[in-house]
*Asks:* 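The structure is given below, and queries will be raised subsequently.
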Amino acid sequence: MINMDKIYLITDIPGYSPQISRLLSMMNYARHTTLEDVKDLGVDQLDFLMDSKSNSIGALLLHYAAVEYAYQVATFEGRDLTEEEISIWGPALNLGDEGRTIIIGNNLSYYLDRLNEVRQRTYELFATVDDDWLYTEEAFWYNKPANYYFMWFHVFEDEINHRGQIRLIRKRALA
């Protein structure tokens, strides 16, 4: 779905309404830059911890997939994660000690496969709605209203935020 000939364009994408196209364009660029930052990393670099309280690059990559999955469930299905889903995605959503303990020993293709699986589902789900859907409002953080547009902005904003961590960790892991 990432069209490298149009990676720097926030534009229409065939099969999607205009605002959803623009949202996906931004998500695609954020993902492209993330993938560039992690290419060729080995398990040691993916598991590297700067200190006992930091996250690994692998955990952050899985966090991206977990956040995106959680927002799929919340916005498209109107529900919270089930206990089974929490057992799968909880360590990546929560990070911290749980993530440091559980999210280790995976090669890059493991993380890329999770990211791609979740993103593919996002593409499929977004193809089923139009721009009006983006303006659906719900109570959100601190019981304040938010619309789906903001929630999906947060999905890639979170990725961009943590990508800064990945760049720092990468520099230390490769030093």
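Small disclaimer: the values here were computed from a predicted structure and weren't measured.
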*Asks:* Considering non-hydrogen atoms only, spot the tightest contact between L134 and N147 and give its length.
*Replies:*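 In this case the closest contact between L134 and N147 is O-CB, 3.5 Å.
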
*Asks:* Hey, are the side chains of D131 and P18 touching, using non-hydrogen atoms and a 4.5 Å cut-off?
*Replies:*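 Side-chain contact under 4.5 Å: yes.
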
*Asks:* For K144, enumerate each residue passing the salt bridge (Lys or Arg N to Asp or Glu O under 4.0 Å) test, keeping only those at least two apart in sequence or located in another chain.
*Replies:*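 If we apply the salt bridge (Lys or Arg N to Asp or Glu O under 4.0 Å) test to K144, skipping adjacent residues, there are no hits.
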
*Asks:* Between the side chains of S56 and R100, does any donor sit under 3.5 Å from an acceptor?
*Replies:* no

*Asks:* Test E159 against H63 for side chain to side chain contact (heavy atoms under 4.5 Å, CB included), laying out the working first.
*Replies:* CA-CA 9 Å; E159 180 167 342; H63 177 72; over 6 Å; no

*Asks:* Could you measure the distance from the CG atom of D113 to the CG atom of L108? Nearest 0.5 Å is fine.
*Replies:* 9.0 Å

*Asks:* Does R121, at its CZ atom, have more than 12 non-hydrogen atoms belonging to other residues, nucleotides or ligands within less than 6.0 Å?
*Replies:* yes

*Asks:* Taking the six-membered ring where the residue is Trp, are the ring centres of Y123 and F126 under 6.0 Å apart?
*Replies:*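 Y123 vs F126: aromatic centres not under 6.0 Å.
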
*Asks:* Can you tell me how far the CG atom of N55 sits from the CE atom of M50, to the nearest 0.5 Å?
*Replies:*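 It is 11.0 Å, given to the nearest 0.5 Å.
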
*Asks:* Any link between F156 and I7 through a network of hydrophobic side chains (Ile, Leu, Val, Met, Phe, Trp, Tyr) touching at under 4.5 Å?
*Replies:*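 Shared cluster, yes.
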
*Asks:* Are R114 and E117 within salt-bridge range, i.e. N to O under 4.0 Å?
*Replies:*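 Looking at E117 together with R114, the answer is yes, because their closest N to O distance falls below 4.0 Å.
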
*Asks:* Using modelled atom types only, decide if a donor and an acceptor are shared between the side chain of N161 and the backbone of E157 within a distance under 3.5 Å.
*Replies:*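 Side chain of N161 to backbone of E157: no pair is present.
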
*Asks:* Should L168 and L49 be counted in the same cluster of Ile, Leu, Val, Met, Phe, Trp and Tyr side chains packed under 4.5 Å apart?
*Replies:*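 In one cluster with L168: L49, no.
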
*Asks:* Can you name the nearest heavy-atom pair linking Y16 to S21, along with the distance?
*Replies:*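 So the minimum-distance heavy-atom pair works out to O-OG, 3.3 Å.
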
*Asks:* When you measure from the side chain of N143 to the backbone of A139, do you find a donor-acceptor pair of N or O atoms at a distance under 3.5 Å?
*Replies:* no

*Asks:* Mind checking whether V155 and T122 have side chains closer than 4.5 Å, heavy atoms only?
*Replies:*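 Not in contact.
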
*Asks:* Verify the cluster assignment for Y69 and I88: are they in a single hydrophobic cluster under the rule of side-chain heavy atoms below 4.5 Å apart?
*Replies:* yes

*Asks:* Decide yes or no for V129 and I20: does some side-chain heavy atom of the first lie under 4.5 Å from some side-chain heavy atom of the second?
*Replies:*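 Side chain of V129 against side chain of I20, heavy atoms only: contact under 4.5 Å found.
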
*Asks:* Test side chain to side chain contact (heavy atoms under 4.5 Å, CB included) on D80 and V73 and set out the steps.
*Replies:* CA-CA 7 Å; D80 294 328; V73 167; over 6 Å; no

*Asks:* Is any NZ, NE, NH1 or NH2 atom of the basic residue among R79 and E85 found under 4.0 Å from an Asp or Glu carboxylate oxygen of the other?
*Replies:*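 E85 and R79: salt-bridged.
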
*Asks:* Does the side chain of Q72 come within less than 4.5 Å of E77's, by heavy atoms?
*Replies:*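 Not in contact.
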
*Asks:* Could you tell me if the side chain of R22 sits less than 4.5 Å from the side chain of D12, heavy atoms only?
*Replies:*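 The answer is yes, as the side chains (C-beta and beyond) meet within the 4.5 Å cut-off.
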
*Asks:* Which word best sums up how the rings of H154 and F150 line up, parallel for under 30°, tilted for 30 to 60°, or perpendicular for over 60°?
*Replies:* parallel

*Asks:* Does the side chain of D158 come under 3.5 Å of the side chain of Y71 through a donor N or O and an acceptor N or O?
*Replies:*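 Checked: D158/Y71 side chains show no N/O donor-acceptor pair below 3.5 Å.
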
*Asks:* Is L112 linked to V43 within one hydrophobic cluster, defined over Ile, Leu, Val, Met, Phe, Trp and Tyr using a side-chain heavy-atom separation of less than 4.5 Å?
*Replies:* no

*Asks:* For A146 and M151, which heavy atoms make the closest approach, and how far apart are they?
*Replies:*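 Scanning both residues, the minimum pair turns out to be O-CE, 3.9 Å.
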
*Asks:* Does atom CD of E84 have more than 12 heavy-atom neighbours, drawn from other residues, nucleotides or ligands, at distances under 6.0 Å?
*Replies:*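 Counting other residues, nucleotides and ligands, CD of E84 stays at 12 neighbours or fewer.
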
*Asks:* What pairs with F48 under ring pair (Phe, Tyr, Trp, His ring centres under 6.0 Å), at least two apart in sequence or on another chain?
*Replies:* none

*Asks:* Y149 and Y135: aromatic ring centres closer than 6.0 Å?
*Replies:*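 Yes, ring centres under 6.0 Å apart.
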
*Asks:* Would you check, one step at a time, whether the test side chain to side chain contact (heavy atoms under 4.5 Å, CB included) holds for E68 with W152?
*Replies:* CA-CA 8 Å; E68 189 165 336; W152 280 93; 3.9 Å; yes

*Asks:* Can you classify the ring geometry of F76 versus W133 as parallel (below 30°), tilted (30 to 60°) or perpendicular (above 60°)?
*Replies:*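 Parallel.
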
*Asks:* How many angstroms lie between atom CD of Q165 and atom CG of L95, to the nearest 0.5 angstrom?
*Replies:* 8.5 Å

*Asks:* Ignoring hydrogens, what is the shortest heavy-atom contact between Y64 and R163? Give both atom names and the distance.
*Replies:*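 Closest approach of Y64 to R163: OH-N, 3.2 Å.
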
*Asks:* For a 4.5 angstrom cut-off between non-hydrogen side-chain atoms, does N3 reach I13?
*Replies:*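 They are not in side-chain contact.
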
*Asks:* Could you tell me whether the side chain of M26 reaches within less than 4.5 Å of the side chain of F153, counting heavy atoms only?
*Replies:*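 The answer is no; the side chains never approach within 4.5 Å.
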
*Asks:* Within this structure, what is the CG-CG distance for the pair L23 and N28, rounded to the nearest 0.5 Å?
*Replies:*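 Going from the CG atom of L23 to the CG atom of N28 covers 9.5 Å.
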
*Asks:* Between CD of Q45 and CZ of R172, what distance do you get to the nearest 0.5 Å?
*Replies:* 15.5 Å

*Asks:* Distance check, rounded to the nearest 0.5 Å: Y29 atom OH versus T34 atom OG1?
*Replies:*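 Rounded to the nearest 0.5 Å, the OH-OG1 separation comes to 9.5 Å.
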
*Asks:* Does some side-chain heavy atom of N106 sit less than 4.5 Å from a side-chain heavy atom of L46?
*Replies:* no

*Asks:* Regarding E138 and Y148, do their side chains bring together a donor and an acceptor under 3.5 Å, going by distance alone?
*Replies:* yes

*Asks:* Could you walk me through whether L93 and L81 pass the side chain to side chain contact (heavy atoms under 4.5 Å, CB included) check?
*Replies:* CA-CA 11 Å; L93 283 171; L81 296 176; 3.5 Å; yes

*Asks:* Please report the closest heavy-atom contact between K39 and R170, naming both atoms and the distance.
*Replies:* O-NH1, 3.6 Å

*Asks:* Checking side chain to side chain contact (heavy atoms under 4.5 Å, CB included) against L41, which of I57, I166, D47 comes through?
*Replies:*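 Passing option: I57.
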
*Asks:* Looking at every non-hydrogen atom in both residues, tell me the closest pair between E98 and P91 and how far apart they are.
*Replies:*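 Heavy-atom minimum between the residues: OE2-CG, 3.5 Å.
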
*Asks:* Find out if a path of hydrophobic residues (ILVMFWY) with successive side-chain heavy-atom gaps under 4.5 Å connects I104 to L115.
*Replies:* no

